[in-house]
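Contents: one structure, followed by commentary.
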Amino acid sequence: MAKSLFDEVALNAEITLQNRILMAPLTRCMADENLVPTEQMATYYAKRAQAGLIISEATIIRADGQGYPNTPGLFTAEQIQGWQRVTKAVHNNGGKIFAQLWHTGRVAHPHFFNGNNVLAPSALKVEGTVPRMRELEYIEPTPVTVAQIEQLVKDYAQAASNAIDAGFDGVEIHGANGYLIDQFLHYNSNHRTDEFGGSPENMSRFALLVVDAISERIGAKRTALRISPGAYFNLEPHSDDRAVFDYLLDALLERELAYLHIGIFDDEQRFEYLDGRVSDYVRENYPHTLVGNGGFSAQSGELAINQGRFDLLAIGRPFIANPNYVERIKNGEELTPYSEEMLQELV
């Protein structure tokens with residue numbers, strides 16, 4: 001029987017979604033100067049509660065994880081209270097929402113947290129400047145010590161607990177797109193020679209420690225993970241990266257997560273070292289609940305689901321342009337085109 005985007009679907013015994021359409025995490029830089037979610041943000045998310053699941057904009061787990069202006073946090077009481085307004089508004093409109101937990105690693109900037117050091121797996125600087133604040137140039141990061149890694153794992157778990165206190169239905173760990181966890185997973189950004197580098201097992205260790213710590217704290221069924229084997233943002237490709245993700249995906253099989261989310265920009269892009277498309281590579285190695293994204297329309301996404309390539313569809317920019325995206329596609333209505341100007345305002 002053909003699957004529809006509008007089918008109700010159970011992630012697990014604890015969480016059922018009203019449809020297969022997820023609102024992808026979309027960085028909007030909408031928090032106040034203390035990184036507290038605003039009433040405008042509550043309105044913004046509530047308008048999109050028709051999604052089967054909203055994944056929040058990336059939300060930093062602690063102060064030194066900030067790499068963009070006005071990105072929300074989940075590490076102070078005030079921030080938790082701000083998110084409570086957001087989750088309540090979403091739930092009142094019948095929706096569900098996960099918090100995406102984030103540390104930007106070597107693309108953080110001390111301007112935001114009045115610090116001296118930017119933490120990363122290795123002392124490998126990213127060339128370029130901070131988005132929206134191009135006067136800020138990236139600095140060479142300081143390699144994290146094992147003790148600092150242990151603290152980061154605890155801070156991820158605490159942020160997950162804070163998310164539940166804030167009313168979120170679960171969390172998605174941001175392990176993709178060139179940020180801290182992803183930096184451990186790629187040879188271009190991880191030159192360590194200790195137990196967190198040098199081999200697929202060691203390079204996967206930090207990601208798995210975070211997954212396990214959060215799963216233990218809030219339950220695996222409310223824990224999800226986003227990865228990007230082929231989305232090289234602030235990273236350079238390396239042919240040996242595949243072995244790392246082969247190991248990581250195999251290790252994730254025994255962890256009953258809510259879902260695994262593929263973080264890619266263009267699903268049609270082919271990678272020689274993955275033997276083709278990222279989504280096909282991940283699906284081949286991960287038979288559990290998989291979220292696909294990467295330039296899909298509703299029609300092409302539904303086709304991919306019926307081809308067995310993934311189970312749920314994450315939609316990004318069209319949700320910015322169309323708060324009632326689900327209703328519009330269900331009724332066959334024309335969508336409002338996305339434009340860059342929309343990023344500068346709440347819609």
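Both tests pass for Arg48 against the ring of Tyr44: distance under 6.0 Å to the centre and angle within 45° of the axis.
Between the side chains of Asn306 and Glu302, no donor-acceptor pair is found at a separation under 3.5 Å. Using a 3.5 Å distance cut-off with no hydrogens or angles, the side chains of Arg132 and Asn70 do not pair a donor with an acceptor. Side chains of Gln100 and Glu172: a donor on one and an acceptor on the other come within 3.5 Å. Residues His109 and Gln66 have side chains that never bring a donor and an acceptor to within less than 3.5 angstrom of each other. Looking only at atom types and distance, the side chain of Asp64 has a donor-acceptor partner in the side chain of His103 under 3.5 Å away. Side-chain N/O atoms of Tyr281 and Asp246 include a donor and acceptor closer than 3.5 Å. Arg192 and Ser122 form no side-chain donor-acceptor contact under 3.5 Å, judged by distance and modelled atom types alone.
Of the possible donor and acceptor atoms, one in the side chain of Arg283 sits under 3.5 Å from a partner among the backbone N and O of Pro287. Proximity of a side-chain donor or acceptor of Asn322 to a complementary backbone N or O of Asn324 within less than 3.5 Å is not detected. With hydrogens and angles disregarded, no donor-acceptor distance shorter than 3.5 Å links the side chain of Glu236 to the backbone of Ser189. Listed for the Arg222 side chain is a donor-acceptor partner under 3.5 Å among the backbone atoms of Asp169.
For the pair Leu249 and Val282, the minimum side-chain heavy-atom distance is below 4.5 Å. In this structure the side chain of Lys221 never reaches within 4.5 angstrom of the side chain of Ile15, judged on heavy atoms. At a threshold of 4.5 Å between non-hydrogen side-chain atoms, the residues Asn19 and Val326 count as touching. In this structure, Phe112 and Val130 have side chains that are in contact, with non-hydrogen atoms separated by less than 4.5 Å. Counting only heavy atoms from C-beta outward, the side chains of Gln40 and Met30 never approach each other to under 4.5 Å. Between Ile315 and Ile21, some side-chain heavy-atom pair lies under the 4.5 Å cut-off. Residues Ser204 and Val244 have side chains in contact (heavy-atom distance under 4.5 Å, counting atoms from C-beta outward). Looking at Ile262 and Val291, their side chains never come closer than 4.5 Å, going by heavy atoms from C-beta outward.
Ring-plane geometry between His174 and Tyr179 is classed as perpendicular, the angle between the planes exceeding 60 degrees on a 0 to 90 degree scale with a lower cut at 30. The aromatic rings of Phe296 and Phe310 stand perpendicular to each other, their planes meeting at an angle above 60°, with 30° marking the opposite boundary.
With hydrophobic clusters built from ILVMFWY side chains whose heavy atoms lie under 4.5 angstrom apart, Leu253 shares a cluster with Leu257. A chain of hydrophobic side-chain contacts below 4.5 Å, direct or via other Ile, Leu, Val, Met, Phe, Trp or Tyr residues, connects Ile214 to Leu225.
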- [ ] Please lay out, stage by stage, how Glu57 and Tyr45 fare under the test side-chain hydrogen bond (donor to acceptor under 3.5 Å, both in side chains).
- [x] CA-CA 10 Å; Glu57 61 201 284; Tyr45 282 108; 2.7 Å; yes
Open item on the list: Assess the residue pair Gln158 and Arg217 against the criterion (side-chain hydrogen bond (donor to acceptor under 3.5 Å, both in side chains)); give the C-alpha distance rounded to whole Å, side-chain angles, the decisive distance to 0.1 Å, and a yes or no.
Closed with: CA-CA 8 Å; Gln158 184 60 54; Arg217 192 72 172 270; 2.8 Å; yes
TODO: Please step through side-chain hydrogen bond (donor to acceptor under 3.5 Å, both in side chains) for the pair Asn190 and His186, ending with a clear verdict.
DONE: CA-CA 6 Å; Asn190 185 347; His186 292 274; over 6 Å; no
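Salt bridge Asp194/Arg205: absent, no basic N to carboxylate O contact under 4.0 Å. A salt bridge between Arg85 and Glu39 is present, with a side-chain N of the basic residue lying under 4.0 Å from a carboxylate O of the acidic one. With respect to Asp240 and Arg242, no salt bridge is recorded, no charged nitrogen being found less than 4.0 Å from a carboxylate O.
Checked against the 6.0 Å centroid threshold, Phe245 and Tyr273 do not count as a close aromatic pair.
Residue pairs satisfying the ring-ring contact (aromatic ring centres under 6.0 Å, His included) criterion with at least one member in residues 53-75, sequence neighbours excluded, are listed as follows: Tyr68-Trp102. For the ring-ring contact (aromatic ring centres under 6.0 Å, His included) condition, no pair includes a residue of residues 128-149, sequence neighbours left out.
Closest approach of Ile181 to Ile173, counting heavy atoms only: CD1-CG2, 3.4 Å.
Qualifying salt bridge (Lys or Arg N to Asp or Glu O under 4.0 Å) partners for Arg20, counting only residues two or more places apart in sequence or in other chains: Asp7.
Around CD of Glu256, the count of heavy atoms belonging to other residues, nucleotides or ligands within 6.0 Å does not exceed 12.
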